[in-house]
Amino acid sequence: MSRPDARTLIETILDRGSWKSWDAPPADPAQPGSPYADELAAARAKSGYDESVITGEGLLGGRRVAVVACEFSFMAGSIGVAAAERFTAAVERATRERLPVLAAPASGGTRMQEGALAFVQMVKITTAIQLHRGEGLPYLVYLRHPTTGGVFASWGSLGHVTAAEPGALIGFMGPRVFESLHGYPFPDGVQVAENLHRKGLIDAVVPAEEAREVAIRALSVLADDRSRVAAGTPPEEDLRPVEAWEAITRSRRDDRPGVRTLLKLAATDVTPLSGSGEGENEPGLLLALARFGTAPAVVLGQDRRVQRTNSPLGPAGLRVARRGMRLAAELGLPLITVIDTAGADLSKAAEEGGLAAEIARCLAELVMLDAPTVCLLLGEGAGGAALALLPADRVLCAQHAWLSPLPPEGASAILYRSVDFAPEIAQAQRIRATDLRRDGIVDRVVPEVPDAAYEPRQFCERVGRALEYEIANLLELSPADRFAARRARFRNLG
């Protein structure tokens, strides 16, 4: 497979003719006349690069960005003192100038010729990246073939969004080194981009041409100017009263629009993210960047269809949710949580995987999150899986959505040892949208005319406008006032 070198990659991803190098000639780390000096000279002559890293800036969809890219043909893209200094200086400059950073590693890791001093350069690089992220600036990574060793274990694994080349070898220890040390080959199919994507370690596998569009979409949300978000007019409510059991029945329809339909019909600039970033991926919990009207957001959405066909929401899904919370907090992005679940996974694996603890951590992090938050009750809202995504600054509820400690059948079984009283229990527990609003749990009810399943596009667009309106109003508040209001709303419930 033909793969672009660093300069070709940059030309492919950035707007044509916009690249400007930031590089000065590197300090030569080798003693004149030494074998290492000869290796460096040969690498420069053969590759046409003066070091394994090049840095600079350009435009991406008209947006100014900083770029740091490895060149594998220069000593296997290895990182020594000179390359690390070039990388670190570029990230520090990007931080000063408040530019997003696009990093494109392709490296075997530490430059062995420079030993321990080269090895600890990864600390310097990581520090620069974390200071950059700490300023609320996006850091995107495009992993190329191959990326291994200390590069993958530092700046290759710190992206807010991470994509990779198709078929790229990506792993901590290169397979050749592993086999030399252990005497047998590393298992096939593990250190491959596609497998890492399945495991929730990277967000996308795309060729360079598509990486450009992925980066443009992601930055349109991550680096958006939030001052441009417009509130518009408040959505109207015109509700036809329904019984609780009728609402529950409607919420369970197979043709009722879920979170994926909502994103398709009401959002733009959607960038799906994959997994917790820690080796777990649960498709029943969708994580994405998206825009509703003028409002950018991180979206956490429960996909009830996937939960029904594969498995209920488990602890891994909640760890994916917490990744989204951290992303929103770090970049100051609004967070939208979408509740649509028949309940959490009730299994031995879920219990041993820390389900209860993950629900608690989601609650704790969400209620304290330093970002504007909007919760949308879209359909079913049963049990702890729903509660974990509820505590937001504003809570919206579709007309036929509901919230309950258990599915009504479960509550009926507890109280009467039979599921036959579920309709009566649902009515008594005040789980309908209008009841939830009356009790102060919900702020706004989004109408269904007469049912979301009959008007999916109109309903989703109505929801999208409501989300944009609420986010715009939250962004007008100071973080301190927003947090005080959130704390007061939940303190005063009941």
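Just so it is clear, the structure is predicted and the values come from calculations on it, not from any experiment.
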Practice item. Decide, yes or no, whether a salt bridge links Glu97 with Arg64 under the criterion of side-chain N to carboxylate O below 4.0 Å. Key: yes
Practice item. Check the angle between the aromatic planes of His132 and Tyr139 and answer parallel, tilted or perpendicular using the 30° and 60° thresholds. Key: perpendicular
Review point. Atom SG in Cys70, atom CZ in Phe87: separation rounded to 0.5 Å?
Key: 8.0 Å
Review point. Are Arg111 and Glu51 ion-paired here, with the side-chain N under 4.0 Å from a carboxylate O?
Key: yes
Revision key, fill the gap. Rounding to 0.5 Å, atoms CD (Gln130) and CD1 (Ile125) come to a distance of 13.0 Å
Check your understanding: Do other residues, nucleotides or ligands put more than 12 heavy atoms under 6.0 Å from the NZ atom of Lys199?
Key -> no
Review point. Is the shortest distance from a Lys or Arg side-chain nitrogen in Arg291 or Glu468 to a carboxylate oxygen in the other one below 4.0 Å?
Key: no
Review point. Is any NZ, NE, NH1 or NH2 atom of the basic residue among Glu365 and Arg361 found under 4.0 Å from an Asp or Glu carboxylate oxygen of the other?
Key: no
Check your understanding: Quick one: do the Ser73 and Glu71 side chains pair a donor with an acceptor below 3.5 Å?
Key -> yes
Revision key, fill the gap. Given the options Gln307, Glu380, Arg304, Thr341 meets side-chain hydrogen bond (donor to acceptor under 3.5 Å, both in side chains) only with Gln307
Exercise for review: State plainly whether the residues Asp269 and Arg217 are in salt-bridge range, i.e. N to O under 4.0 Å.
Suggested key: no
Check your understanding: Can you tell me if CZ on Phe490 sees more than 12 non-hydrogen neighbours from other groups inside 6.0 Å?
Key -> yes
Point to revise | Salt bridge Asp340-Arg260, side-chain N to carboxylate O under 4.0 Å | key: no
Practice item. Assess whether salt bridge (charged side-chain N to carboxylate O under 4.0 Å, His left out) is satisfied between Glu165 and Arg3, documenting all intermediate values. Key: CA-CA 9 Å; Glu165 278 186 333; Arg3 300 180 187 275; 3.1 Å; yes
Exercise for review: Determine whether more than 12 heavy atoms belonging to other residues, nucleotides or ligands lie under 6.0 Å from atom CZ of Arg44.
Suggested key: yes
Point to revise | Point-to-point distance, once rounded to the nearest 0.5 Å, from OG1 of Thr294 to CD1 of Ile471 | key: 9.0 Å
Point to revise | Between CG on residue Asn473 and CZ on residue Arg482, distance to nearest 0.5 Å | key: 12.0 Å
Review point. Between CG of Asp393 and CG of Leu477, what distance do you get to the nearest 0.5 Å?
Key: 8.0 Å
Review point. Taking 4.0 angstrom as the limit, do Asp15 and Arg63 come out as a salt bridge?
Key: no
